[in-house]
K.L.:
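Below you'll find the structure I mean.
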Number of protein chains: 2
Amino acid sequence: MNNIGALIFDVFGTLVDWRTAVAREVRTHLSPLGIEADWPGFADAWRARYEPAMEEIRTRGMPFRKLDEIHRRNLDVVLADLGLDDVDETTRSALNLAWHRLDAWPDVAAGLLELRTRFRLAPCSNGNISLMVDLARRNGFLWDAILGAEVARAYKPQAIVYLSAAAAFDLAPGQTMMVAAHSSDLAAAAAAGLRTAFIARPDEFGPNPGETSASVPVDVSATSLLELARMLDSWPDHPVDSPSRVHVQR
Amino acid sequence: MNNIGALIFDVFGTLVDWRTAVAREVRTHLSPLGIEADWPGFADAWRARYEPAMEEIRTRGMPFRKLDEIHRRNLDVVLADLGLDDVDETTRSALNLAWHRLDAWPDVAAGLLELRTRFRLAPCSNGNISLMVDLARRNGFLWDAILGAEVARAYKPQAIVYLSAAAAFDLAPGQTMMVAAHSSDLAAAAAAGLRTAFIARPDEFGPNPGETSASVPVDVSATSLLELARMLDSWPDHPVDSPSRVHVQR
């Protein structure tokens with residue numbers, strides 16, 4: 001028995017394949033308008049604007065806004081870059097919900113069910129609550145709570161996002177494990193005092209290889225959530241410091 | 001088809017019978033210490049300090065703190081009032097978790113399952129996230145998200161709590177229905193622009209009668225969640241104003 005009470009999850013890339021579904025949704029909405037484009041490339045261009053937009057909120061004092069709003073502003077830029085200024089408002093609104101219609105990697109639903117028998121589970125994503133709710137309904141994820149950026153009013157990798165997720169479960173950081181396919185996310189979680197699990201998702205970026213192993217120290221490394229569940233079964237030898245409660249200042 | 005996208009629920013009294021379980025838990029922890037008391041009366045005394053403690057946060061500028069912390073401070077006062085200053089710290093901590101071990105009224109789990117097929121569902125309680133998570137696990141509630149006081153960083157009946165729950169689901173207040181057994185809760189939700197459903201829970205206060213009908217105008221009134229589900233089936237004639245999104249300022 002280890003002393004971990006909750007697992008919190010990165011979602012885009014770690015649990016769901018954003019690139020395939022966004023390319024599909026963009027094609028579905030724009031092809032009927034007679035538009036042809038490199039649809040996976042459209043998805044990549046849209047995603048590429050995600051990090052810089054959040055950085056404006058993290059470091060330049062912009063007020064917090066939902067990821068849906070960031071996605072929409074970025075969509076307008078991508079369409080303009082492709083000379084597609086004629087795409088109407090209704091189509092843009094529908095298109096922005098592409099991120100609510102992503103499909104999970106094949107191991108995820110079964111893996112979460114298995115992990116749920118032993119741990120409290122929540123997403124700790126930069127995606128907003130309604131986006132997480134729609135992905136959960138679509139893919140059969142059963143969460144204990146939706147935590148992450150919108151609850152913390154801040155974006156990963158800011159420490160407050162990981163700390164407020166642990167605190168919501170009444171757990172110390174060291175009793176909480178962050179699960180992600182990205183070393184940068186896990187490095188930030190570890191720096192905040194959390195346990196970390198790396199999940200390899202080499203197909204996240206299509207032909208551009210994703211991380212096959214973590215480039216930072218992690219507590220556990222697996223290739224699927226089912227493998228993670230098995231590894232946590234036989235993980236008795238990691239004593240965890242456990243102050244009873246943490247209080248997050250805001 | 002009505003235009004309601006989500007139902008949000010009061011929990012203490014509306015979904016769970018707090019009085020019976022708190023009395024049971026207090027007896028379980030204090031009887032072995034040789035203490036005898038009026039256990040339901042202990043539960044009533046503890047609950048009676050809930051409203052004034054929240055009022056300090058709502059109106060006197062006290063910083064937000066979780067309901068678990070409020071319950072604990074109030075427990076210390078109730079024990080002192082009964083001359084039980086000798087109760088040790090370990091017992092007090094265990095006792096405070098009584099509120100995490102409440103049982104649902106008999107119709108609730110089935111009613112939520114039925115309602116979940118048509119609406120997004122979340123608690124909108126003054127209880128903290130971990131408390132809601134424990135009640136959900138205990139009673140088999142499947143929520144889409146845990147919303148309410150801890151997410152809004154404010155306590156009902158402040159409007160921001162209802163409005164932030166609607167906004168988390170990307171819904172206008174008029175597309176969101178508050179479900180509660182207390183007229184005061186529903187009056188505040190209606191004033192914030194939400195639809196309202198009253199559920200009669202006359203046994204909430206034991207021999208002291210609870211509300212059998214709402215004392216304020218509500219959209220729907222029922223005696224169980226299953227009845228509420230049937231009534232919302234045949235509720236096509238309430239046009240709902242539906243601005244597409246609301247943005248809650250913080």
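Note that these values count all heavy atoms, side chains included, but never hydrogens, waters or copies made by symmetry. Per chain, numbering begins at 1; letters A, B, ... match sequence-line order.
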K.L.:
Could you pull out all residues at least two apart from Leu142(B) that satisfy side-chain contact (heavy atoms from CB on, under 4.5 Å)?
P.N.:
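Scan of Leu142(B) (side-chain contact (heavy atoms from CB on, under 4.5 Å), adjacent residues dropped) gives Leu142(A), Leu113(B), Arg116(B).
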
K.L.:
Please classify the contact between Arg137(A) and chain B as side chain, backbone, both or neither, with a heavy-atom cut-off of under 4.5 Å.
P.N.:
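Answer is side chain: those atoms of Arg137(A) sit under 4.5 Å from chain B.
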
K.L.:
Report which part of Ala136(A) has an atom under 4.5 Å of a heavy atom belonging to chain B: side chain, backbone, both, or neither.
P.N.:
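Neither part.
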
K.L.:
Indicate whether the side chain of Asp88(B) and that of Thr91(B) have a donor and an acceptor atom separated by less than 3.5 Å.
P.N.:
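Indeed, the side chains of Asp88(B) and Thr91(B) share at least one donor-acceptor pair under 3.5 Å.
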
K.L.:
Considering only heavy atoms, which portion of Ala168(B) lies under 4.5 Å from any heavy atom of chain A: side chain, backbone, both, or neither?
P.N.:
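Both backbone and side chain.
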
K.L.:
Which bit of Leu147(B) comes within less than 4.5 Å of chain A, counting heavy atoms only: side chain, backbone, both or neither?
P.N.:
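Leu147(B) touches chain A through side-chain heavy atoms alone.
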
K.L.:
Describe, in one word, how the ring planes of His71(B) and Phe12(B) are oriented to each other, choosing from parallel (under 30°), tilted (30 to 60°) and perpendicular (over 60°).
P.N.:
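Perpendicular: the ring planes of His71(B) and Phe12(B) meet at over 60°.
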
K.L.:
Between Trp46(B) and Trp99(B), does the ring centre distance come in under 6.0 Å?
P.N.:
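Yes: the rings meet the under 6.0 Å criterion.
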
